[in-house]
Engineer: 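Below you'll find the structure I mean.
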Protein chains: 2
Amino acid sequence: MHLFFPRREGLSGAASAEFLIDVHQRQPDSPRKGSESFVMRPTVNDIAREAGVSLATVDRVLNARPGVREKTIKAVNDAIARLGYVRDLTAANLARSRSYRMAAVLPDTESQFVQSLAQALTDAGQVAATTRIELNLLRFPPEDPHALAALLSRLPDSGYAGVALMAPETPVVRDAVRALRARGLPVVALVSDLPNTGRDHFIGIDNRAAGRTAGVLMGRFLGGGPGQVLVLGSSLLARDMVERRRGFDEVMLRDFPGIEVLQSLETHGSGRTLRQVVTEMLANVPDARGIYAMGDGLRALTQALEELGLSGKLTVICHELTPHARKALEGGEITAVITQNLGHLARSTLRVLRAKADNLPLDAGQEQIRIEIVLRENLPPRPDVSLDSDTDTTEAAA
Amino acid sequence: MHLFFPRREGLSGAASAEFLIDVHQRQPDSPRKGSESFVMRPTVNDIAREAGVSLATVDRVLNARPGVREKTIKAVNDAIARLGYVRDLTAANLARSRSYRMAAVLPDTESQFVQSLAQALTDAGQVAATTRIELNLLRFPPEDPHALAALLSRLPDSGYAGVALMAPETPVVRDAVRALRARGLPVVALVSDLPNTGRDHFIGIDNRAAGRTAGVLMGRFLGGGPGQVLVLGSSLLARDMVERRRGFDEVMLRDFPGIEVLQSLETHGSGRTLRQVVTEMLANVPDARGIYAMGDGLRALTQALEELGLSGKLTVICHELTPHARKALEGGEITAVITQNLGHLARSTLRVLRAKADNLPLDAGQEQIRIEIVLRENLPPRPDVSLDSDTDTTEAAA
DNA sequence: ACCGAAATGAGGTACGCACCTCAAAAATGC
DNA sequence: GCATTTTTGAGGTGCGTACCTCATTTCGGT
C-alpha cells in the first residue's frame, strides 16, 4: 500500500500556506454546487498515463497480480510515488464488495464488566455497520468449555469472517480455536489472552503490568507502610488473576517491604462468599490498611466495608471502571481503579478483526489498549461505557 | 441516518448461533472465489421494492430531498426499518466524491510536546489519506498572533474544509476564528480551548481536572504532608496553566492541608531561566518534597535536579508523555506524568473535523480525550507518539 | 528468425449510492 | 371536470476501484 504523505513544513518554516497548495489540482469538468473547492487526487488512470502503461497493468501492480516484469512494476511504482497516489479505500472496498460478519463470543455472566463490554461491542457494531461490518454477540455458559467449543465449531459454516473471544484457555477451547484458525478464521483474544492457541492477536491489557501499577499506587498511597493489604480475586479468568497478583507482589516486595501483602482470597465469583470472607478477614487483621480487589465482586466488597463501618477508611484499589466502580469512586468508597477503555477495546476489536480478515497490517499504536488509572479526580465526565444505551441516538438527516 | 442494529442476544440466551443467520441473505448470482460466504445487505433497490416505490423516491427520502408526501416518506422508512437497511457510507462518499482538505495549525516551537503532536497528526493524516482526507500542518511564530491571524484568514481561499488550531486565545485570534466560522469553515480547538470564539469543538483534556489529578497524586504520594511543593509553569498557553494550578490548589487545600504549595514559578519557556529559578528555589526551600511541573521545560528541570543531587529524591509530577518524560520516568527521575494520548487526539481531530464538515453527529465517547496517569509501571511499551517516524512503514501488498 | 511463453493493452462490468433530467401520474383547487 | 401543482417513476451518468476476458505485443531461447 502506498501512502500519500502530506507535505511537512519544516519546523522553521514561515507561516505561509501558499506553497502547500496541492500540485495535483485538476479543474473539475463541471463546477460543483456549494463553495467547496475540490482538490482532485490522482487516480489509477493518472498512474497509467504517468507511467506510460495501461490501466490493466497498473491494476496488476496495485493488486500484486502476477505477470508483470520487474521493470514495469518499478515504472508504475515510480509513477505512484511521483504523483503521490493513495488508493481510495472506500472505492476499493466498494469494488471488492466485501462485507464482514464477525462474532464476539463472551461468557454469559451477569458481571457488570462483561455487560459493559457487551454494550461497548454492540455500540461499536452499530457504527461499523455503515462500513459493511456486522458484529454478532454470542454468549456461552461460563462454566461449560464444551458448549463454547461446540459454539465455536459452528461459526465457520455460519458465514463468519472472524471471531473475538473472551474465555479462559482450557484445552478444549484451545483446540477449538486452533480448528477455527485452521479453517482460515482469524481469532482474536479479548480481555484475557489465549497465548497457546496461536490466536492472531490479543486485545487487552498486560495484566502483570496492571498488577504492578496497582502495586505502586497501593504502596505510595500507604506511604510505604507499615500495614497490611488484603488481596481478593475471583477466578473467572484465572490466568489474569495470577498475573495481576504476580505484578502486584513484584512491586510490593521490591519497593514497599514495609507492607505486608496477605494471601489472595479466592471468592469464586460469589458475592456472598466474598462478603463473608472479607468480613472475617478484616476482623482478624485489624491493622489492614488496603485492599486490592483483582477481580469481580466490587458490589459485595463495598457492601461489606459499609457494614463494617470501614467505608472510605481503607485504600481500596480495584479493576474495571464499571458503573458501580464509578459510583464508589465518586463516593470515596474506593481509591483508585485500574481499567481499560472498553469503547476503545471494542472498536479495536473490529479494526483488528477486519485487518486480519483482509490480511492487512495494523496500526500498533492505535490498537494498544492502555492501562488506565482512574481516581475521583480524573473520572471521565460521561460514562465510559455506560449501560444506558439510548443517549446518543442522533439523527443525521439534515 | 438509519442504523443497522445487529440483533442482540438476550443475556440468558442459549449458546447457539443458528438463529443469528441474517434474514436478508441473498444468493449471489455467481459464486465468488474463496471460501467466504456472503451475506448480502439490503440496498436502496431492495428498499424501493419493499416499499413499492421507485428508486428515485427512495433516494429523495434518504437524502431528505423535497417533493415527497409524508405518507410516502413513512412507507419508505418503514421498509428501511423492516429490512434493517444501513446506508453504505463508503459507497455514499464515493458517489458524493467528497474530499476533505484540513489544516492543523500549530505554534512553531521546538517543544517536544508540539513536535510529538505534529508527528501524531502527520501519522493520522497518512492513514486518513486513504479515505479522501488530506491534512496539512501549518505553523505560526508562537509570539505573533497577527501572523497567525493572517495565516488563518488565508485558509478559506486555499480550499480548506476545516481547521484545527492550537493557539492561545488572544483578541486577534478570536476574531480570526470567528471570521473563519462565518465563512463556513469548522474550527476545532486543539489541546487548549478557545472558549470565546464559538469554536465548533474542543479536543483535549480538562486542564482543571488534570490539575486536580496531579494534586491527588502529589498529596497521596507525600502521605499528606508535611512538606512543601514547588509549582512550575511556562506561559505558552497561559490559560491552561492557570487552570491546572487552580485544580491543583483546589485539591491540595481541601484534602492535604498539611502540604504547603508555593507560588507558581513562571519560566517563560526558557530552559536557562528554569534551571536558575529551580536551583535558587530549592536552595531556599530545603524541605521541598515535591515539584509539580505544569508546563514545558522538563529537560531543564531534570538537569537542575541532577546537578543538585536530588534526582529521584523528590516526588515530581509533570505533564505530557514526551520522549524525555518517558525516559525520566523509566529512570525514576520523575514520579508520574499526567498526559493525553496524542495518537488518539490526532485521530479524533480528523474525525471531528470531518463530522463537522459534513454536519454529522459525533460519537462523544470516542472523542473524549482522557486524562491519563502514567507511572513507570504502566508506561505503554511502545512509544506513545514517538519522534522516530519510519518504524511503521508497512507494506500492504500481499 | 522463428517459436512458445510471457507481458501488456483494450475494453467491459460491477459495486452501492448520489444526483440529474424529463415525462407521467396523481392529487389539488376551483 | 378542468387546469394546475405536486408527487412519483424511469432512466441515465459518474465516483474510483476490482476483476474479468480476449487480443496483441514483446521477450527469451534456440
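Lettering of chains follows the sequences in order, A, B, ..., and the numbering in each one begins at 1.
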Engineer: Taking atom types as they are modelled, would you say the side chain of A/R60 forms a donor-acceptor pair with the base of C/dG9 within the 3.5 Å cutoff?
Structural biologist: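 Donor-acceptor pair under 3.5 Å: yes.
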
Engineer: Could you give the CG-to-P distance, from A/L62 to C/dT8, as a whole number of Å?
Structural biologist: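 Going from CG in A/L62 over to P in C/dT8 covers 14 Å.
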
Engineer: To the nearest angstrom, how far is A/N63 atom CG from D/dG16 atom P?
Structural biologist: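 Atom-to-atom, A/N63 to D/dG16, this comes out as 17 Å.
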
Engineer: Are B/S54 and D/dA10 close enough that a side-chain N or O sits under 4.0 Å from OP1 or OP2?
Structural biologist: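 Negative; the distance criterion is not met.
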
Engineer: Of B/I133, B/L360, B/T349, which meets side-chain contact (heavy atoms from CB on, under 4.5 Å) against B/R354?
Structural biologist: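 Of the listed residues B/I133, B/L360, B/T349, the side-chain contact (heavy atoms from CB on, under 4.5 Å) partner of B/R354 is B/I133.
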
Engineer: Looking at A/R82 and A/D78, does any basic side-chain N land under 4.0 Å from a carboxylate oxygen?
Structural biologist: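 Salt bridge absent between A/R82 and A/D78.
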
Engineer: I need the CG-C1' distance between B/D59 and D/dT7, as an integer number of Å.
Structural biologist: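 Going from CG in B/D59 over to C1' in D/dT7 covers 15 Å.
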
Engineer: Does A/A92 reach a base, just sugar-phosphate, or nothing at all? Heavy atoms under 4.0 Å.
Structural biologist: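 Contact class for A/A92: sugar-phosphate only.
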
Engineer: Scan A/D88 against the nucleic acid and name what it touches under 4.0 Å (heavy atoms): base, sugar-phosphate only, or nothing.
Structural biologist: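 Counting heavy atoms under 4.0 Å across all strands, the contact made by A/D88 is with sugar-phosphate only.
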
Engineer: Any salt bridge linking B/D157 with B/R183? Criterion: basic side-chain nitrogen under 4.0 Å from a carboxylate oxygen.
Structural biologist: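 Here B/D157 pairs with B/R183 in a salt bridge, since their nearest N and O are under 4.0 Å apart.
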
Engineer: Looking only at side-chain N and O atoms, does A/R96 come under 4.0 Å of OP1 or OP2 in D/dA18?
Structural biologist: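 Yes.
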
Engineer: Atom CG of A/L55 and atom P of D/dG16: how far apart are they, to the nearest Å?
Structural biologist: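 These atoms are roughly 13 Å apart.
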
Engineer: About how many Å separate CZ of B/R178 and CZ of B/R199, when rounded to the nearest 0.5 Å?
Structural biologist: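 B/R199 atom CZ to B/R178 atom CZ measures 12.0 Å (nearest 0.5 Å).
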
Engineer: Whole angstrom is fine here: how far is it from NZ in A/K74 over to P in C/dA7?
Structural biologist: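 Nearest whole value for this atom pair: 18 Å.
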
Engineer: If the cut-off is 4.0 Å, is A/R87 near the phosphate of D/dT17, judged by side-chain N/O to OP1 or OP2?
Structural biologist: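 So the side chain of A/R87 is outside the cut-off, no N or O lying under 4.0 Å from OP1 or OP2 of D/dT17.
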
Engineer: Whole angstroms only, please: what is the CD-C1' distance between B/E70 and C/dA27?
Structural biologist: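 B/E70 atom CD is separated from C/dA27 atom C1' by 16 Å.
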
Engineer: For the pair made of CG in A/L94 and P in C/dT13, what is the distance, rounded to whole Å?
Structural biologist: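 My rounded result for the distance is 17 Å.
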
Engineer: B/R41 has an atom CZ; how far is it from atom P of C/dC17, in whole Å?
Structural biologist: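 It works out to 8 Å between those atoms.
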
Engineer: Would you kindly compare B/R132 and B/G52 by the position of their nearest DNA chain D nucleotide and give the one closer to the 5′ end?
Structural biologist: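 The 5'-side residue here is B/G52.
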
Engineer: Would you tell me if any nitrogen or oxygen in the side chain of B/R69 comes within less than 4.0 Å of OP1 or OP2 on D/dT8?
Structural biologist: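 Yes, because at least one side-chain N or O of B/R69 sits under 4.0 Å from OP1 or OP2 of D/dT8.
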
Engineer: Between B/N63 and B/R87, do the side chains contain an N or O donor and an N or O acceptor separated by less than 3.5 Å?
Structural biologist: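 B/N63 vs B/R87: donor-acceptor pair found between side chains.
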
Engineer: Let me spell it out: for each of B/R65 and A/A95, pick the nucleotide of DNA chain C with the closest heavy atom. Which residue's pick is nearer the 5' end?
Structural biologist: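 With B/R65 and A/A95 compared, the 5'-side residue is A/A95.
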
Engineer: When you check the phosphate oxygens OP1 and OP2 of C/dG9, does a side-chain N or O of A/T57 lie under 4.0 Å from one of them?
Structural biologist: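 Yes, such a contact exists.
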
